[in-house]
4 protein chains.
Amino acid sequence: MVGSGIAAPARRQRRDGALRREAVLDAGLEVFSTVGLHGASLDQIAVRAGLSKTNLLYYFRTKEDLYVAVLRRVLDVWLDPLQALDAESEPAEALRRYIRSKITLSRDAPRASRLFCLEIVQGAPLLRAELEGPLRALVEAKAAVLRGWIADGRIAPHDPRHLVFAIWAVTQHYADFAVQVEAITGRDLSDEDFFEQTVESTQRLILASLGLT
Amino acid sequence: MVGSGIAAPARRQRRDGALRREAVLDAGLEVFSTVGLHGASLDQIAVRAGLSKTNLLYYFRTKEDLYVAVLRRVLDVWLDPLQALDAESEPAEALRRYIRSKITLSRDAPRASRLFCLEIVQGAPLLRAELEGPLRALVEAKAAVLRGWIADGRIAPHDPRHLVFAIWAVTQHYADFAVQVEAITGRDLSDEDFFEQTVESTQRLILASLGLT
Amino acid sequence: MVGSGIAAPARRQRRDGALRREAVLDAGLEVFSTVGLHGASLDQIAVRAGLSKTNLLYYFRTKEDLYVAVLRRVLDVWLDPLQALDAESEPAEALRRYIRSKITLSRDAPRASRLFCLEIVQGAPLLRAELEGPLRALVEAKAAVLRGWIADGRIAPHDPRHLVFAIWAVTQHYADFAVQVEAITGRDLSDEDFFEQTVESTQRLILASLGLT
Amino acid sequence: MVGSGIAAPARRQRRDGALRREAVLDAGLEVFSTVGLHGASLDQIAVRAGLSKTNLLYYFRTKEDLYVAVLRRVLDVWLDPLQALDAESEPAEALRRYIRSKITLSRDAPRASRLFCLEIVQGAPLLRAELEGPLRALVEAKAAVLRGWIADGRIAPHDPRHLVFAIWAVTQHYADFAVQVEAITGRDLSDEDFFEQTVESTQRLILASLGLT
DNA sequence: TATGAATGAGCCTTCATTCAT
DNA sequence: AATGAATGAAGGCTCATTCAT
């Protein structure tokens, strides 16, 4: 009983600690994706996360540490949908699903998309290793799938890597260039009709070039 | 001849002034597109432009003034190719040309593309007006052209604005996400083969979805 | 005892903090009263207060904040003696005491007097509110006292506000124009004889015009 | 005729030059008296004087040079009325005239008064010599006059230097502390009634203490 | 785990002044 | 006599980081 009495707070604290870490990561994503690494101040992030700057530095020793942690969390989410693209499915169906999931991500996690975009555009000084390692491998694996489909005559021939780039470019565009899209169309992905329009338009674009449908 | 001898220095100076301004704008583009507005220091830019920070501030009263000047110059270049897309050409030909010119721009002015991208991704606080005004109007005009072609049965029906977004997204991707493209393919647009591959891939993508070829 | 042993450092620190704040205010008064708001540099003040410029800015977020804080502290001291002038005393005695206390202040707090003077002369951009509010009210209250004495025939009629101005002007002159006084007489209020001379001269001046003695 | 044709512009120019110098001195007085030496910028003064900063520096090689020139011009005006106080007049009449002329100056040249005040309060680093030389001599001369009157039994005995200080203090107060006076009374010397009130009040104050009237 | 205090580096900007014309 | 260009010094302020508790 006594032991439990002592342990309880510790456990609660540890759980709280994890929660606060999450809160900081969330706040970091919010701020970094809006003003970039250099435009963000720890104070700003701390306030948003509901703790003091000094305390924030207890969880992440350095501004850059925090930035990398945020980025890494984003990257994981980012690679996920591509992994789901598998060789056994029907090509049209698999690609349709992948495109939809990417655009869904653009709608639900636009900040993550933007932070990723900012980082890459600025030369990805902190991410280059990840790009040349795991990402490259993953793309190669999926490119092999596409090449298989081409070899089997199930889709028209098209350089698979350019295809992947095109899918990424178009789907992420609706998150990254949201202000521009909105300035021109007056709408964004949170509008259900517009969301569906975007999905269909992108699916048709990709599938048509592969001779599907 | 004598008059010219006297006038020369004055004229030279004025020309020098303009040249230095240009040099500053160039340096600004280089630095801002790499580290963003907040990551850039005036010292850095000044050194790159070959003058002192104080002297730089003689040309641009404020860091933000310089930033906006750089941005405005980019924007002008950016809108240019779209304006060349005209109704009188053959649709396939016009689109092929537009795509090629955009990718050429991505190869020759990648920094401009990236700076533009950074600004938009961060919400375009300084550019929103331009986006909602001139850009929107230009896109509407070109969308009308595309709708005309659709009405005439010359291209398959496709929402023209999504089409424009797709072209922008894919063509600019090769500038904005160049590190990623390079990490995955090991090549970039300065490689002539890769450049042509990219142009063809993108042209096929767009044209296929419009039932051309 | 043990508790006190633990609490001590914390208490000491807090006290230290207050002390440092005081030190900064003192240094600020010294510097501001000598070279004015714009002539003062934070570095100068920080050195005099025995801390770093950055640390100074931890206590006062802004140069102007510090200036206002210094000024407000001066103002409080400044209004004090007038409040002591009360209706129940003998007029001659009350006025004599007031004049002496003002000149004493000029001797003991000449910097405060000078800072106040500088601020007013420059149009009191930061103090106007205080002047039109509390100060005006206080003067009106005391003017009423003087008018009462006049109505009772205890002092000769004289516009009470001009009388107050005259007292202020003359008594503060020995602090504000001390260099001039010294250049002409070779003496200042720290000289006890000169101090008494000044007090008597001023008392006679004011009292004579009210028909007292 | 030809010679005159050439000389004319030169003469005009020289006259213009003197005028511009005056304009700069005026502008300098205006600005310095409002924000002090350190608060003033040459640009500000140049704009007010209607020329460029660089051109201003042609007339006054240095900011401090300009400041001293402004100050010196003020000082001349400042000493003038005291010189007019002569032994041959009736004491009461002479003092009345002197007080009136000082208050008139406070009304018509308040900026000069304030600049002089600012300088003295800050320790007169640039004026000390003038104070200890000419000013001291002048005051001594006039003190001798007053001592003569005292010796002749024409005025009651009173330390003449304190008397002079009192006159200066009170009369200049209405220029230097004008904001305070206005905050409390709602009026200033440009109001004719208030002006006369002030003159009379001050005259009575001084004369009463000398047993006159 | 949490925080108040303290610090040093760096940055944008202002400004008096100089140079060249 | 006048001016545009250029510069160096200094200043206020922000910020990530460290210290001590």
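All values below were derived from every heavy atom in this structure, side-chain atoms included, with hydrogens, water molecules and symmetry-related copies excluded. Lettering follows sequence order; numbering is per chain, from 1. Fair warning: this is a prediction, and the values are worked out from it, not measured in the lab.
Contact annotation for C:Phe60: no contact, since no heavy-atom pair falls under 4.0 Å across all strands.
Residues that satisfy the side chain to side chain contact (heavy atoms under 4.5 Å, CB included) test with D:Thr54, not counting sequence neighbours, are D:Ser52. By the side chain to side chain contact (heavy atoms under 4.5 Å, CB included) test, A:Ala40 is found to be paired with A:Val31, A:Phe32, A:Val35, A:Ile45, residues two or more places apart in sequence or in another chain being considered. Among residues two or more places apart in sequence or in another chain, the side chain to side chain contact (heavy atoms under 4.5 Å, CB included) test is passed with D:Ala69 by D:Leu25, D:Phe60. Among residues two or more places apart in sequence or in another chain, the salt bridge (charged side-chain N to carboxylate O under 4.0 Å, His left out) test is passed with C:Glu130 by C:Arg72. Evaluation of the side chain to side chain contact (heavy atoms under 4.5 Å, CB included) rule for A:Asp26 yields A:Arg73 as partners, not counting sequence neighbours.
Evaluation of the side-chain hydrogen bond (donor to acceptor under 3.5 Å, both in side chains) test over residues 114-129 of chain D, restricted to residues two or more places apart or in two chains, returns D:Tyr67-D:Glu119. Contacts classified as salt bridge (Lys or Arg N to Asp or Glu O under 4.0 Å) and involving residues 30-45 of chain C (residues at least two apart or in different chains) are given here: C:Glu30-C:Arg48, C:Asp43-C:Lys53.
Side chain of A:Ser41 to backbone of A:Gln44: a donor-acceptor contact under 3.5 angstrom is found.
Between the CD1 atom of C:Ile45 and the C1' atom of F:dG11 there is a distance of 12 Å, rounded to whole Å. Atoms CZ (C:Arg21) and C1' (E:dA6) sit 16 Å apart, rounded to a whole Å. In this structure, CG of C:Leu51 is placed 15 Å from C1' of E:dG8, rounded to the nearest angstrom. Note: CG (A:Leu56) to C1' (E:dG4) measures 16 Å, nearest angstrom.
You'll find that the side chain of B:Tyr58 is closest to F:dA6, out of F:dA6, E:dT1, E:dG4.
At the phosphate of F:dA6, neither OP1 nor OP2 sits under 4.0 Å from any side-chain N or O atom of B:Ser52. Between B:Tyr59 and the phosphate of F:dA5, there is no side-chain N or O to OP1/OP2 separation shorter than 4.0 Å. At the phosphate of E:dT1, neither OP1 nor OP2 sits under 4.0 Å from any side-chain N or O atom of A:Asn55. Residue B:Arg20 places at least one side-chain N or O under 4.0 Å from the OP1 or OP2 atom of F:dA6.
Side-chain contact between C:Asp176 and D:Ile120 is absent, with no heavy-atom pair separated by less than 4.5 Å.
With the 3.5 Å cutoff on both pairing distances, Watson-Crick and G-U pairs in DNA chain F assemble into runs of at least 3 at E:2-21 with F:2-21.
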Inset, instruction - Take nucleotides 13-18 of chain E nucleotide by nucleotide from the 5' end and write B, S or -, depending on whether a protein heavy atom sits under 4.0 Å from the base, only from the sugar-phosphate, or from neither. - result: BBBBBB

